[in-house]
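Structure first, commentary second.
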Amino acid sequence: MKHFQSETGDARAPWQTQVETAVQALAATAVERDQRGGTAKAERDLLRASGLLGLSTPAALGGLGATWQQTLEVVRQFARVDSSVAHLFAFHHLLLATTQLFGKPAQWQPWIEQTLAQRWFWGNALNPLDKSTRAEPQDGGYVFHGRKSFCSGASDSDMLLASALDPAGRLLIAVVPTERKGITVLNDWDNMGQRQTDSGSVLFDQVEVRHAELLTDPGPLSTPYACLRPLLAQLILAHIYQGLGEGALAEARQFTLQQGRPWMASSAASANQDPYILAHYGDFWLGLEGARVLLQNAAQAFDQAWQHGTALTEAERGSVAIAVAAAKVATTRASLDVVHKMFEVTGARATTAALRLDRYWRNLRVHTLHDPVDYKVRELGDWVLNEQLPKPSFYS
């Protein structure tokens with residue numbers, strides 16, 4: 001959208017053509033696919049063929065070598081037209097990052113190399129809030145058994161990041177092929193929004209997991225660097241929220257300019273001169289532009305922390321957490337305001353089912369319930385008033 005600049009400020013990247021091609025393809029079918037739901041198989045295969053699944057992978061390993069700020073900018077561009085595929089694309093990169101943060105190079109380097117060579121798409125069966133999956137020890141590893149919910153992108157995935165609790169209650173995280181015996185991906189996702197994220201359930205029926213597939217060294221929440229994982233997840237959500245807000249504003253603007261009418265009580269000759277419509281658009285832009293700046297600051301801070309690697313300190317990680325929390329709150333509030341009030345500047349005719357403009361509200365409302373933004377505000381307040389940095393958890 002021309003009214004919001006790129007967060008990176010860099011010259012045109014060599015992979016930007018692939019991004020633009022993908023955006024155009026996603027936009028062309030977004031309305032129909034929102035109605036249909038199910039797996040976005042053709043769109044996932046488009047991303048496989050594009051090479052963009054290697055976007056965040058270092059060039060030294062054969063990837064495109066984008067920074068996290070650049071990768072998240074692509075997520076934002078996708079989310080403007082299709083937040084479901086943006087979610088799947090972003091989580092693919094999050095899961096690859098998780099292997100690097102929680103595992104040893106001897107583990108994650110071969111996985112990344114195979115991801116590039118085989119064009120693997122990674123899916124999520126992690127969800128530590130769902131504690132119904134258990135890990136029982138056996139020779140050479142464990143057996144995972146149970147049902148895991150909210151498994152975004154598990155359908156049509158090649159690799160899964162899965163979690164289970166061992167007999168002592170310890171969270172174990174493993175990397176396993178989706179086609180491994182005992183794994184069943186259920187097509188039971190039918191929510192009002194994010195309809196093509198395939199965020200349903202996965203069944204584990206005595207699934208063998210080898211020790212070499214477990215991410216235990218250093219493992220989750222083990223070091224400040226490992227604790228970047230939840231911050232990346234939060235930053236991904238904020239970029240999706242921002243993209244949804246910007247996409248909704250772009251569609252509302254187009255409708256107002258092409259089909260809008262001034263309100264009955266207005267003396268304006270056209271909708272684009274109605275003073276109240278103009279005021280709404282001014283508020284929309286102010287909210288999103290302020291959120292964009294905070295988002296840019298957070299992405300830059302995250303990149304710096306990522307580059308520090310295992311030398312990252314608790315205080316440095318805490319500073320990034322503040323920046324990410326601020327961006328998460330701002331993008332949530334600004335974008336929810338746009339997707340809710342966009343109909344006040346477009347009118348009743350914009351509610352036709354053929355346009356499905358309500359998808360922006362549905363997608364954002366479902367996604368922003370990932371975790372209560374009130375708790376992010378409380379963290380910010382504790383930092384402002386008491387100078388207390390947020391404590392690491394698996395969720396923030």
Side-chain angles (χ1 to χ4, degrees), residues 33-34 36-48 52-53 75 78 82-99 102 108 111-112 114-115 118-135 142-165 171-191 193-209 213-215 220 229 232-233 236-237 240 363 366-367 369-370 394-395:
R33 288 185 293 103
D34 172 74
R36 171 163 43 95
T39 302
K41 173 60 177 172
E43 291 68 30
R44 290 172 66 97
D45 285 344
L46 173 68
L47 292 178
R48 285 184 171 100
L52 292 172
L53 295 181
V75 172
F78 286 172
D82 187 341
S83 58
S84 288
V85 173
H87 178 123
L88 299 175
F89 176 76
F91 267 46
H92 164 84
H93 291 282
L94 171 64
L95 300 174
L96 288 178
T98 303
T99 68
F102 293 173
W108 56 259
W111 287 327
I112 287 180
Q114 285 298 301
T115 296
Q118 305 296 329
R119 295 180 176 178
W120 285 346
F121 214 128
W122 287 54
N124 180 44
L126 180 54
N127 188 12
L129 285 175
D130 186 341
K131 301 179 180 180
S132 59
T133 305
R134 300 292 169 173
Y142 288 82
V143 170
F144 281 21
H145 186 79
R147 181 179 182 135
K148 186 69 69 172
S149 60
F150 288 100
C151 300
S152 298
S155 295
D156 186 47
S157 67
D158 303 287
M159 299 293 285
L160 282 177
L161 209 66
S163 72
L165 297 177
L171 179 69
L172 296 178
I173 299 174
V175 174
V176 293
T178 309
E179 293 185 351
R180 177 160 293 175
K181 182 181 179 181
I183 296 177
T184 302
V185 179
L186 302 179
N187 296 315
D188 57 350
W189 176 253
D190 188 23
N191 281 39
Q194 293 299 94
R195 289 181 44 74
Q196 288 201 315
T197 60
D198 289 303
S199 297
S201 307
V202 173
L203 294 179
F204 294 88
D205 183 9
Q206 302 301 319
V207 176
E208 294 186 359
V209 176
E213 296 171 325
L214 294 169
L215 301 177
R229 196 273 182 188
L232 179 57
I236 283 171
L237 298 180
I240 294 174
N363 290 337
V366 167
H367 226 316
L369 295 175
H370 180 271
F394 207 93
Y395 318 104

Worksheet item: Are the side chain of His367 and the backbone of Gln194 linked by a donor-acceptor contact shorter than 3.5 Å?
Response: no
Closest non-hydrogen contact found for Ser83 with Ile240 is CB-CG2, 4.1 Å
### Query
Stepwise, does the side-chain contact (heavy atoms from CB on, under 4.5 Å) test hold for Thr184 with Asp205?
CA-CA 8 Å; Thr184 302; Asp205 183 9; over 6 Å; no
Side chain to side chain donor-acceptor pair (under 3.5 Å) between Ser152 and His87, worked out: CA-CA 8 Å; Ser152 298; His87 178 123; 3.1 Å; yes
| query | Heavy-atom distance under 4.5 Å between the side chains of Arg195 and Val366, does that happen here? | reply | no
Please evaluate residues Val209 and Phe204 with respect to the criterion side-chain contact (heavy atoms from CB on, under 4.5 Å), reporting the C-alpha separation (whole Å), side-chain torsions for both, the decisive distance (0.1 Å), and the verdict. CA-CA 11 Å; Val209 176; Phe204 294 88; over 6 Å; no
For Asn187 and Ser155, the nearest pair of non-hydrogen atoms, with its separation, is OD1-OG, 3.5 Å
OG1 of Thr39 to CG of Asp156, rounded to nearest 0.5 Å, is 6.5 Å
d(Trp122 CH2, Thr99 OG1) to nearest 0.5 Å is 5.5 Å
*asked:* So Arg33 and Glu43, do their side chains get closer than 4.5 Å, heavy atoms only?
replied: yes
His145 meets the ring pair (Phe, Tyr, Trp, His ring centres under 6.0 Å) criterion, sequence neighbours left out, with none
Between the CG atom in Asn191 and the OG1 atom in Thr197, the distance rounded to the nearest 0.5 Å is 7.5 Å
Residue pair Trp120, Leu53: steps toward the side-chain contact (heavy atoms from CB on, under 4.5 Å) verdict: CA-CA 8 Å; Trp120 285 346; Leu53 295 181; over 6 Å; no
Between Ala164 and Arg134 the two heavy atoms that sit nearest each other are CB-C, 3.7 Å
Output for pair (Phe91 CZ, Leu232 CG), nearest 0.5 Å, gives 9.5 Å
Q: Find out whether His93 and Val75 are in side-chain contact, i.e. whether some heavy atom of one side chain is under 4.5 Å from a heavy atom of the other.
A: no
Closest heavy-atom pair, Lys131 versus Leu165, reported as atoms and distance to 0.1 Å, is CB-CD1, 3.7 Å
Are the side chain of Glu208 and the backbone of Val143 linked by a donor-acceptor contact shorter than 3.5 Å?
-> no
- How about Glu179: does its CD atom have over 12 heavy atoms from other parts shown lying under 6.0 Å from it? no
In short, Lys181 meets Val207 closest at the heavy-atom pair O-CG2, 3.8 Å
CA sep, side-chain torsions, deciding dist, call: Leu161, Leu215, side-chain contact (heavy atoms from CB on, under 4.5 Å) = CA-CA 10 Å; Leu161 209 66; Leu215 301 177; 4.0 Å; yes
Heavy atoms of Thr133 and Gly146 approach each other most closely as OG1-C, 3.9 Å
So CG of Asp188 and OG of Ser199: to nearest 0.5 Å the spacing works out to 10.0 Å
So CD of Glu213 and OH of Tyr142: to nearest 0.5 Å the spacing works out to 13.5 Å
Exercise for the section: For the residue pair Ser157 and Thr178, confirm or rule out a side-chain donor-acceptor distance under 3.5 Å. Expected result: yes
Which of Ser163, Ser132, Ser201 passes side chain to side chain donor-acceptor pair (under 3.5 Å) with Lys148? Answer is Ser163
Sequence neighbours excluded, the answer for side-chain hydrogen bond (donor to acceptor under 3.5 Å, both in side chains) partners of Asp158 is Arg48
Those residues at least two apart in sequence (or on a different chain) that pass ring pair (Phe, Tyr, Trp, His ring centres under 6.0 Å) with Phe144 are none
Problem set entry | Lys41 atom NZ, over 12 foreign heavy atoms within 6.0 Å | yes
Is there a donor-acceptor contact under 3.5 Å from the side chain of Asn124 to the main chain of Cys151?
no
**Working for salt bridge (Lys or Arg N to Asp or Glu O under 4.0 Å), residues Arg44 and Asp198** = CA-CA 12 Å; Arg44 290 172 66 97; Asp198 289 303; 5.2 Å; no
Subject >> Donor + acceptor pair across side chains of Arg229, Thr98 (<3.5 Å) >> reply: yes
